[in-house]
Protein chains: 2
Amino acid sequence: MQMNTDQLSMTFSALADPTRRGLLQTLASGQATVGELAHPYSMSMAAISKHLKVLENAKLISRTKEAQWRRCKFEGAPLKDASQWVQKYTKFWEGQLGMLDDYLIESEGMNND
Amino acid sequence: MQMNTDQLSMTFSALADPTRRGLLQTLASGQATVGELAHPYSMSMAAISKHLKVLENAKLISRTKEAQWRRCKFEGAPLKDASQWVQKYTKFWEGQLGMLDDYLIESEGMNND
DNA sequence: TAAGTTATTAACTAAATGGTTAAATGCAAA
DNA sequence: TTTGCATTTAACCATTTAGTTAATAACTTA
(Lines give C-alpha, C1' and ligand atoms only; values in the text may rest on other atoms or scores of the structure.)
Protein backbone atom coordinates (compact mmCIF):
# COMPACT_ATOMS: atom_id res chain seq x y z
CA MET A 1 0.00 0.00 0.00
CA GLN A 2 2.73 2.49 0.83
CA MET A 3 6.30 2.34 -0.37
CA ASN A 4 8.85 2.18 2.45
CA THR A 5 10.82 5.37 2.03
CA ASP A 6 13.32 5.20 4.87
CA GLN A 7 16.87 4.64 3.71
CA LEU A 8 17.42 1.33 5.47
CA SER A 9 14.26 -0.14 3.94
CA MET A 10 15.28 1.16 0.51
CA THR A 11 18.71 -0.43 0.87
CA PHE A 12 17.45 -3.84 1.96
CA SER A 13 14.71 -3.73 -0.65
CA ALA A 14 17.23 -2.98 -3.40
CA LEU A 15 19.37 -5.90 -2.24
CA ALA A 16 16.41 -8.29 -2.13
CA ASP A 17 16.71 -9.19 -5.82
CA PRO A 18 19.35 -11.48 -7.33
CA THR A 19 19.53 -9.49 -10.56
CA ARG A 20 20.30 -6.30 -8.67
CA ARG A 21 22.87 -8.03 -6.48
CA GLY A 22 24.44 -9.36 -9.68
CA LEU A 23 24.57 -5.87 -11.15
CA LEU A 24 26.35 -4.62 -8.04
CA GLN A 25 28.79 -7.50 -8.27
CA THR A 26 29.60 -6.59 -11.84
CA LEU A 27 30.05 -2.96 -10.87
CA ALA A 28 32.40 -3.97 -8.09
CA SER A 29 34.80 -5.07 -10.83
CA GLY A 30 34.68 -1.56 -12.24
CA GLN A 31 32.34 0.93 -13.85
CA ALA A 32 30.18 -0.20 -16.75
CA THR A 33 27.54 1.06 -19.17
CA VAL A 34 23.94 -0.12 -19.09
CA GLY A 35 24.50 -2.25 -22.17
CA GLU A 36 27.52 -3.95 -20.64
CA LEU A 37 25.62 -4.56 -17.44
CA ALA A 38 22.61 -5.95 -19.31
CA HIS A 39 24.64 -8.34 -21.45
CA PRO A 40 24.75 -11.38 -19.10
CA TYR A 41 20.99 -11.30 -18.49
CA SER A 42 18.21 -12.71 -20.63
CA MET A 43 16.10 -9.69 -19.95
CA SER A 44 15.27 -6.57 -21.93
CA MET A 45 17.45 -3.53 -21.52
CA ALA A 46 14.37 -1.68 -20.28
CA ALA A 47 14.10 -4.15 -17.40
CA ILE A 48 17.76 -3.67 -16.51
CA SER A 49 17.27 0.07 -16.74
CA LYS A 50 14.51 -0.19 -14.15
CA HIS A 51 16.65 -2.30 -11.84
CA LEU A 52 19.37 0.33 -12.14
CA LYS A 53 16.85 3.02 -11.23
CA VAL A 54 16.00 1.09 -8.07
CA LEU A 55 19.70 0.89 -7.20
CA GLU A 56 20.12 4.58 -8.00
CA ASN A 57 17.15 5.58 -5.84
CA ALA A 58 18.71 3.56 -3.04
CA LYS A 59 21.97 5.47 -3.73
CA LEU A 60 23.81 2.19 -4.30
CA ILE A 61 24.96 3.37 -7.71
CA SER A 62 25.51 6.68 -9.47
CA ARG A 63 25.39 7.36 -13.18
CA THR A 64 27.27 9.85 -15.29
CA LYS A 65 26.44 10.77 -18.88
CA GLU A 66 29.11 10.19 -21.49
CA ALA A 67 27.87 10.80 -25.03
CA GLN A 68 24.99 8.33 -25.46
CA TRP A 69 26.26 6.09 -22.70
CA ARG A 70 25.48 6.10 -19.00
CA ARG A 71 28.46 4.99 -17.01
CA CYS A 72 27.37 3.33 -13.77
CA LYS A 73 29.43 3.31 -10.62
CA PHE A 74 28.99 1.37 -7.41
CA GLU A 75 28.32 3.55 -4.37
CA GLY A 76 28.68 1.72 -1.11
CA ALA A 77 27.77 4.43 1.38
CA PRO A 78 24.26 3.14 2.21
CA LEU A 79 25.70 -0.28 2.97
CA LYS A 80 27.30 1.05 6.14
CA ASP A 81 24.02 1.37 8.02
CA ALA A 82 22.72 -1.88 6.56
CA SER A 83 25.92 -3.62 7.60
CA GLN A 84 25.67 -2.23 11.11
CA TRP A 85 22.04 -3.28 11.46
CA VAL A 86 22.67 -6.81 10.29
CA GLN A 87 25.87 -7.21 12.25
CA LYS A 88 24.29 -6.07 15.49
CA TYR A 89 21.72 -8.85 15.22
CA THR A 90 24.17 -11.38 13.85
CA LYS A 91 26.42 -10.82 16.83
CA PHE A 92 23.49 -10.95 19.21
CA TRP A 93 22.53 -14.26 17.64
CA GLU A 94 26.02 -15.67 17.84
CA GLY A 95 26.11 -14.51 21.44
CA GLN A 96 22.89 -16.41 22.13
CA LEU A 97 24.38 -19.54 20.60
CA GLY A 98 27.48 -19.09 22.72
CA MET A 99 25.33 -18.78 25.81
CA LEU A 100 23.64 -22.05 24.96
CA ASP A 101 26.96 -23.74 24.40
CA ASP A 102 28.18 -22.54 27.75
CA TYR A 103 24.95 -23.59 29.51
CA LEU A 104 24.21 -20.02 30.51
CA ILE A 105 20.76 -18.54 30.91
CA GLU A 106 18.95 -18.11 27.61
CA SER A 107 17.37 -14.86 26.33
CA GLU A 108 19.20 -12.31 28.38
CA GLY A 109 18.00 -9.72 25.87
CA MET A 110 19.84 -7.04 23.98
CA ASN A 111 20.16 -3.35 24.57
CA ASN A 112 18.08 -1.02 22.53
CA ASP A 113 20.36 1.34 20.58
CA MET B 1 6.07 -11.45 -11.68
CA GLN B 2 7.96 -14.16 -9.77
CA MET B 3 8.67 -14.17 -6.08
CA ASN B 4 12.37 -14.31 -5.25
CA THR B 5 12.77 -17.60 -3.47
CA ASP B 6 16.50 -17.76 -2.78
CA GLN B 7 17.38 -17.43 0.89
CA LEU B 8 19.41 -14.23 0.59
CA SER B 9 16.58 -12.47 -1.26
CA MET B 10 14.08 -13.71 1.32
CA THR B 11 16.26 -12.40 4.13
CA PHE B 12 16.81 -8.95 2.64
CA SER B 13 13.16 -8.74 1.64
CA ALA B 14 12.05 -9.56 5.18
CA LEU B 15 14.36 -6.85 6.55
CA ALA B 16 13.10 -4.26 4.06
CA ASP B 17 10.21 -3.21 6.26
CA PRO B 18 10.44 -1.08 9.40
CA THR B 19 7.62 -2.94 11.15
CA ARG B 20 9.38 -6.26 10.68
CA ARG B 21 12.71 -4.82 11.81
CA GLY B 22 10.88 -3.49 14.85
CA LEU B 23 9.43 -6.91 15.58
CA LEU B 24 12.91 -8.43 15.44
CA GLN B 25 14.19 -5.72 17.76
CA THR B 26 11.49 -6.53 20.28
CA LEU B 27 12.28 -10.22 19.99
CA ALA B 28 15.95 -9.52 20.61
CA SER B 29 14.90 -8.47 24.12
CA GLY B 30 13.37 -11.90 24.61
CA GLN B 31 10.60 -14.13 23.35
CA ALA B 32 7.10 -12.72 23.04
CA THR B 33 3.58 -13.68 22.02
CA VAL B 34 1.89 -12.25 18.95
CA GLY B 35 -0.29 -10.02 21.10
CA GLU B 36 2.70 -8.61 22.96
CA LEU B 37 4.50 -8.00 19.70
CA ALA B 38 1.47 -6.33 18.14
CA HIS B 39 0.86 -4.02 21.09
CA PRO B 40 3.14 -1.08 20.08
CA TYR B 41 1.73 -0.91 16.56
CA SER B 42 -1.43 0.81 15.35
CA MET B 43 -2.16 -2.10 13.10
CA SER B 44 -4.52 -5.05 13.33
CA MET B 45 -3.26 -8.26 14.84
CA ALA B 46 -3.94 -9.92 11.50
CA ALA B 47 -1.44 -7.58 9.87
CA ILE B 48 1.20 -8.37 12.49
CA SER B 49 0.46 -12.05 12.06
CA LYS B 50 1.24 -11.68 8.36
CA HIS B 51 4.48 -9.85 9.06
CA LEU B 52 5.43 -12.65 11.42
CA LYS B 53 4.69 -15.18 8.70
CA VAL B 54 7.11 -13.33 6.41
CA LEU B 55 9.77 -13.45 9.12
CA GLU B 56 9.02 -17.12 9.75
CA ASN B 57 9.27 -17.99 6.04
CA ALA B 58 12.63 -16.22 6.00
CA LYS B 59 13.55 -18.31 9.06
CA LEU B 60 14.27 -15.17 11.05
CA ILE B 61 11.86 -16.29 13.77
CA SER B 62 10.37 -19.54 14.99
CA ARG B 63 7.08 -20.05 16.77
CA THR B 64 6.04 -22.56 19.38
CA LYS B 65 2.47 -23.24 20.49
CA GLU B 66 1.65 -22.76 24.12
CA ALA B 67 -2.06 -23.10 24.89
CA GLN B 68 -3.71 -20.38 22.80
CA TRP B 69 -0.50 -18.40 22.55
CA ARG B 70 2.25 -18.54 19.94
CA ARG B 71 5.58 -17.74 21.50
CA CYS B 72 7.94 -16.16 18.95
CA LYS B 73 11.69 -16.43 19.08
CA PHE B 74 14.34 -14.61 17.13
CA GLU B 75 16.44 -16.87 14.87
CA GLY B 76 19.54 -15.20 13.57
CA ALA B 77 21.00 -17.96 11.39
CA PRO B 78 19.99 -16.42 8.02
CA LEU B 79 21.66 -13.16 9.01
CA LYS B 80 25.09 -14.74 8.67
CA ASP B 81 24.98 -14.89 4.89
CA ALA B 82 23.32 -11.49 4.67
CA SER B 83 25.97 -10.06 6.94
CA GLN B 84 28.74 -11.56 4.86
CA TRP B 85 27.27 -10.27 1.62
CA VAL B 86 26.84 -6.73 2.91
CA GLN B 87 30.20 -6.66 4.65
CA LYS B 88 32.06 -7.80 1.57
CA TYR B 89 30.72 -4.85 -0.38
CA THR B 90 31.01 -2.45 2.52
CA LYS B 91 34.65 -3.32 2.88
CA PHE B 92 35.20 -3.05 -0.85
CA TRP B 93 33.63 0.39 -0.73
CA GLU B 94 35.69 1.51 2.22
CA GLY B 95 38.73 0.18 0.39
CA GLN B 96 37.81 2.28 -2.63
CA LEU B 97 37.54 5.36 -0.44
CA GLY B 98 40.88 4.57 1.12
CA MET B 99 42.46 4.27 -2.29
CA LEU B 100 41.15 7.68 -3.23
CA ASP B 101 42.48 9.15 -0.01
CA ASP B 102 45.89 7.67 -0.73
CA TYR B 103 45.85 8.89 -4.34
CA LEU B 104 46.03 5.35 -5.65
CA ILE B 105 44.45 4.12 -8.87
CA GLU B 106 40.69 4.01 -8.72
CA SER B 107 38.50 0.97 -9.51
CA GLU B 108 40.97 -1.84 -9.12
CA GLY B 109 38.01 -4.20 -8.98
CA MET B 110 37.06 -6.91 -6.56
CA ASN B 111 37.47 -10.64 -6.77
CA ASN B 112 34.46 -12.77 -7.52
CA ASP B 113 33.83 -15.17 -4.61
C1' DT C 1 -21.22 -26.50 27.68
C1' DA C 2 -21.05 -21.72 26.91
C1' DA C 3 -18.29 -17.74 26.77
C1' DG C 4 -13.99 -15.43 26.38
C1' DT C 5 -9.11 -15.07 24.66
C1' DT C 6 -5.40 -15.57 21.26
C1' DA C 7 -4.13 -16.13 16.87
C1' DT C 8 -4.69 -17.48 12.02
C1' DT C 9 -7.15 -17.61 7.72
C1' DA C 10 -10.28 -15.91 4.13
C1' DA C 11 -11.86 -12.53 1.17
C1' DC C 12 -11.18 -8.29 -0.39
C1' DT C 13 -8.68 -3.83 -1.88
C1' DA C 14 -5.10 -0.49 -3.36
C1' DA C 15 -0.65 0.02 -4.55
C1' DA C 16 4.00 -1.64 -5.69
C1' DT C 17 7.00 -4.72 -8.38
C1' DG C 18 9.04 -6.85 -12.30
C1' DG C 19 8.55 -7.84 -16.62
C1' DT C 20 7.08 -6.92 -21.72
C1' DT C 21 7.01 -4.13 -26.34
C1' DA C 22 6.94 0.20 -28.56
C1' DA C 23 7.85 5.01 -28.69
C1' DA C 24 10.78 8.86 -27.50
C1' DT C 25 15.27 11.06 -26.41
C1' DG C 26 20.00 12.37 -27.10
C1' DC C 27 24.07 11.99 -29.18
C1' DA C 28 27.50 10.63 -33.14
C1' DA C 29 28.70 9.81 -37.60
C1' DA C 30 28.01 9.36 -42.51
C1' DT D 1 20.26 15.91 -42.21
C1' DT D 2 19.33 11.41 -42.11
C1' DT D 3 20.59 7.26 -39.97
C1' DG D 4 21.93 4.54 -36.24
C1' DC D 5 23.11 3.43 -31.48
C1' DA D 6 22.36 3.61 -26.26
C1' DT D 7 19.21 4.43 -23.05
C1' DT D 8 14.93 5.86 -20.87
C1' DT D 9 10.04 6.35 -20.69
C1' DA D 10 5.23 5.05 -21.57
C1' DA D 11 1.65 1.93 -21.55
C1' DC D 12 0.39 -2.24 -20.34
C1' DC D 13 -0.07 -6.75 -17.67
C1' DA D 14 0.27 -10.31 -13.96
C1' DT D 15 1.79 -11.05 -9.49
C1' DT D 16 2.98 -9.73 -4.90
C1' DT D 17 2.51 -6.97 -0.86
C1' DA D 18 0.43 -4.73 2.98
C1' DG D 19 -3.36 -3.56 4.89
C1' DT D 20 -8.55 -4.12 6.21
C1' DT D 21 -12.73 -6.69 8.45
C1' DA D 22 -15.01 -10.90 9.36
C1' DA D 23 -14.97 -15.72 10.14
C1' DT D 24 -12.73 -19.71 12.07
C1' DA D 25 -9.84 -22.47 15.10
C1' DA D 26 -7.94 -23.83 19.34
C1' DC D 27 -7.61 -23.49 23.90
C1' DT D 28 -9.26 -21.92 29.06
C1' DT D 29 -12.23 -21.06 32.35
C1' DA D 30 -16.70 -20.04 34.52
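Chain letters run A, B, ... following the sequence lines, proteins first, then strands; residues in each count from 1. Predicted, not measured: the structure shown is a model, and the values here were computed from it.
Spacing between atom CD of A:Glu66 and atom C1' of C:dA28 amounts to 14 Å, rounded to whole angstrom units. Summarising the geometry, the separation between CD1 on B:Ile48 and P on C:dT9 is reported as 16 Å, rounded to the nearest angstrom. Taking atom CG of A:Leu15 as the reference point, atom P of C:dT17 lies 14 Å away to the nearest angstrom. Distance A:Leu23 CG to D:dT7 P: 13 Å, rounded to the nearest Å. Remark: P of C:dT17 and CE of A:Met10 are 10 Å apart, rounded to the nearest angstrom. As rounded to whole Å, 12 Å separates atom C1' of D:dT16 from atom CZ of B:Arg20. Distance CG (B:Leu52) to C1' (D:dG19): 15 Å, rounded to an integer number of Å. The CE-P distance, from A:Met3 to C:dG18, rounds to 12 Å in whole Å.
Contact check for B:Thr33 versus B:Arg71: side-chain heavy atoms found under the 4.5 Å cut-off.
Remark: A:Thr33 is in phosphate contact with D:dT7, judged by side-chain N or O atoms under 4.0 Å from OP1 or OP2. Between D:dT17 and B:His51, no contact under 4.0 Å exists linking OP1 or OP2 to a side-chain N or O. Considering only side-chain N and O atoms, A:Arg63 lies nowhere under 4.0 angstrom from the phosphate OP1 or OP2 of D:dT7. Contact annotation: A:Ser49 reaches the phosphate of D:dT8 (side-chain N/O to OP1 or OP2, under 4.0 Å).
A donor-acceptor distance shorter than 3.5 angstrom exists from the side chain of B:Arg20 to the backbone of B:Ala14, with no hydrogens or angles considered.
With 3.5 Å as the limit, one finds a donor-acceptor pair spanning the side chains of A:Arg21 and B:Ser9. With hydrogens and angles left out, the side-chain atoms of B:Glu94 and B:Thr90 include no donor and acceptor closer than 3.5 Å.
Here the CG atom belonging to B:Leu23 is positioned 11.5 Å from the CG atom belonging to B:Leu60, to the nearest 0.5 angstrom. Separation of atoms CZ (A:Arg63) and NZ (A:Lys53) is listed at 5.5 Å; rounding is to 0.5 Å. Expressed to the nearest 0.5 Å, how far OG1 of B:Thr19 lies from NZ of B:Lys50 amounts to 13.5 Å.
Listed by residue number, the members of residues 53-61 of chain B with any heavy atom below 4.0 angstrom from DNA chain D form an empty set.
A perpendicular orientation is assigned to the rings of B:Phe12 and B:Trp85, their planes being inclined by more than 60° (bins at 30° and 60°).
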Inset, instruction - If a protein heavy atom is under 4.0 Å from the base, mark B; if only from the sugar-phosphate, S; if neither, -; do that for nucleotides 20-30 of chain D going 5' to 3'. - result: BB-----BS--
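Counting all heavy atoms, side chain and backbone alike, A:Met10 lies closest to A:Thr5 at CG-O, 3.8 Å.
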